[in-house]
Amino acid sequence: MSETKEYKNYINGEWRDSKDGKTFEDRNPANWDDVVGTFPLSTKEDVEDAVRAAKETYPKWKKVPVPKRAEILRRAAEILLERKEEISRLMTREMGKVLKEARGDVQEAIDTGFYAFGEGRRLFSQNTPSELPNKFALTFRQPMGVWAVITPWNFPSALPSWKIFPAILAGNTVVFKPPSDAPAVAYEFVRALVDAGLPPGVLNLVYGSGSVVGEALITHPDIVGISFTGSSETGMRIAEVAGKQLKKISLELGGKNPQIVMWSADIDLAVDGAIWGAYGTTGQRCTATSRLILHEKIYDEFMHKFIERAKQLKIGYGLDETVEVGPVINESQLKKIMKYVEIGQKEGAHLELGGHRLTEGEYAKGWFFEPTVFTGVTPDMTIAQDEIFGPVLSVFKVSSFEEAIAVANNTRYGLSSSIYTRDVVEAMRAIEELEAGITYINAPTIGAETHLPFGGVKHTGNGHREGGWTAYEIFTEWKTVYIDFSGKLQKAQIDTWEE
Ligand code: UN1
């Protein structure tokens with residue numbers, strides 16, 4: 001066990017306690033006796049202060065040339081790189097993902113920072129011909145104002161980076177509400193930007209509950225846009241508020257991601273992919289594989305190999321480098337997973353592996369749950385439809401490619417998807433027919449790279465894509481400019497061109 005640190009909000013360039021001095025604790029999910037830190041339980045007034053600071057800073061920040069803003073982000077990414085090991089260890093301690101994955105999470109933020117640096121000298125816009133002579137028609141991107149950024153605990157450094165780097169590079173200012181289950185890494189992320197020389201007020205950090213801080217933020221009249229990753233319920237609440245106030249929103253919500261394995265697939269490769277996709281990050285990714293769709297011809301061979309592998313997964317505290325599956329995030333999430341296991345059994349699915357909480361020995365003080373497999377799942381079952389966000393996999397048996405695609409698409413979500421096949425026609429058809437924002441061929445549903453669009457169709461999102469160049473679409477608005485140098489009144493759509 002290591003030290004417990006006292007953390008503060010960051011508002012207008014100052015580290016501050018909450019207005020009424022209240023705090024909350026962040027505990028290690030692998031050992032609840034280990035208190036990582038205490039954090040301000042902020043009030044509505046703290047949110048007011050943060051939004052005011054961001055609003056006052058906005059006119060100055062948007063005047064800073066984009067390549068100059070970008071230099072600060074490059075320094076922040078360099079600082080994250082220097083501190084990568086320390087932040088990764090803190091991440092494992094506060095939210096349980098195994099160290100190797102924690103390092104990947106910090107690397108995602110570093111990559112996103114360097115991408116943002118490059119984008120600072122790009123941020124391309126268009127120049128297009130006018131229908132009239134002696135007239136230019138062109139566009140450029142403008143920032144929008146103060147954005148609220150609300151992130152989940154499962155990617156404590158990657159997800160803030162996906163939102164905050166593009167938002168501030170584009171010239172917006174930000175109020176950031178981090179998750180209460182991974183607040184210390186959020187502090188490290190903000191500290192990297194502060195140490196890189198980000199001016200006061202550009203990024204403000206307010207800790208606290210969703211019901212107080214989150215609600216005050218999303219309803220604040222000076223917030224122009226809300227970027228959110230998390231549950232569909234909260235996403236719907238944000239969309240409702242934004243609808244009434246005409247705020248811009250970018251929502252990244254649930255997933256129920258399928259991996260299809262066809263009979264021509266390399267079975268060992270597909271087993272590797274499914275193990276990593278289903279149990280990496282203890283199944284707590286938006287992109288986690290939660291449905292496995294197996295062709296009947298390879299079903300027995302695949303399942304035999306898969307169960308053998310799943311049984312051997314080493315569960316424990318992720319700072320031990322040999323551990324492969326960490327704890328789930330907290331008690332309420334553990335209870336939710338247990339509830340779904342109960343529902344699965346009641347609805348007639350067969351519990352093939354796992355299904356229990358681990359409570360003995362090294363697991364006594366943590367939220368550990370066995371890697372779990374349900375077979376005989378049909379698309380109408382609750383466990384086939386709801387996002388469980390834990391190490392629970394539902395397996396379907398199908399007899400054709402068409403049936404595999406139909407089962408895969410039978411969900412309200414559409415984030416990631418995968419197919420293992422050596423048949424090029426099946427691969428090409430899957431690319432076209434799978435209803436998802438991301439499709440992997442012969443690779444698992446997890447593993448998105450930061451410079452490509454990331455997001456989903458149907459109830460997973462609202463049409464935006466984070467990552468790469470598309471993130472900049474979210475945080476900017478187009479200005480269209482017409483420059484007429486003909487010296488006379490020219491009427492579009494009416495005047496015809498004559499020499
Ligand atoms: C998420 O779960 O919200 O592709 C993000 C992946 C990661 C990102 C996941 N690079 O699984």
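In each ligand, atom 1 is the first atom listed, and ligand 1 is the first ligand listed.
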Inset, instruction - Report the nearest protein non-hydrogen atom to atom 9 (C) of ligand 1: residue, atom name, distance rounded to 0.1 Å. - result: F155 CE1, 3.6 Å

Inset, instruction - List the steps, then state whether ring pair (Phe, Tyr, Trp, His ring centres under 6.0 Å) holds for F389 with W153. - result: CA-CA 12 Å; F389 225 65; W153 48 265; 5.7 Å; yes

Inset, instruction - With atom 11 (O) of ligand 1 as the reference point, say which of L253, T450, T287, T445 has the nearest heavy atom. - result: T287

Inset, instruction - May I ask you to identify the nearest protein heavy atom to atom 7 (C) of ligand 1, giving residue, atom name and distance to one decimal place in Å? - result: R285 NH1, 3.6 Å

Legend entry - Heteroatom proximity flag, T229 to ligand 1, N/O under 3.5 Å: no

Legend entry - Side-chain donor or acceptor of K247 paired with backbone N/O of H220 under 3.5 Å: yes

Inset, instruction - Quick one: look up the protein heavy atom nearest atom 4 (O) of ligand 1 and list residue, atom name and how far away it is. - result: A448 N, 2.7 Å

Inset, instruction - Report yes if the distance between the aromatic ring centroids of Y317 and W367 is under 6.0 Å, otherwise no. - result: no

Inset, instruction - Return a yes/no value for L159: is any of its N or O atoms, backbone included, closer than 3.5 angstrom to an N or O of ligand 1? - result: no

Legend entry - atom 10 (N) of ligand 1: nearest protein contact (heavy atom, Å): E108 OE1, 3.1 Å

Legend entry - G447-ligand 1 polar pair, N/O distance under 3.5 Å: yes

Inset, instruction - Quick one: look at N154 and ligand 1, take heavy-atom pairs under 4.0 Å, and tell me if it's side chain, backbone, both or neither. - result: side chain

Legend entry - Check: N462 side chain, L251 main-chain N or O, donor-acceptor pair, under 3.5 Å: yes

Legend entry - Closest non-hydrogen atom pair, P258 against A408: CG-CB, 3.8 Å

Inset, instruction - Starting from atom 2 (O) of ligand 1, locate the nearest protein heavy atom and write down its residue, its atom name and how far away it is, to 0.1 Å. - result: C286 N, 2.8 Å

Legend entry - Whether T450 side chain and G467 backbone form a donor-acceptor pair below 3.5 Å: no

Inset, instruction - List the steps, then state whether ring pair (Phe, Tyr, Trp, His ring centres under 6.0 Å) holds for F189 with F165. - result: CA-CA 11 Å; F189 180 79; F165 283 153; 5.2 Å; yes

Legend entry - Any donor-acceptor pair under 3.5 Å from T460 side chain to G414 backbone: yes

Inset, instruction - Report yes or no: does I438 have a heavy atom closer than 4.0 Å to ligand 1? - result: no

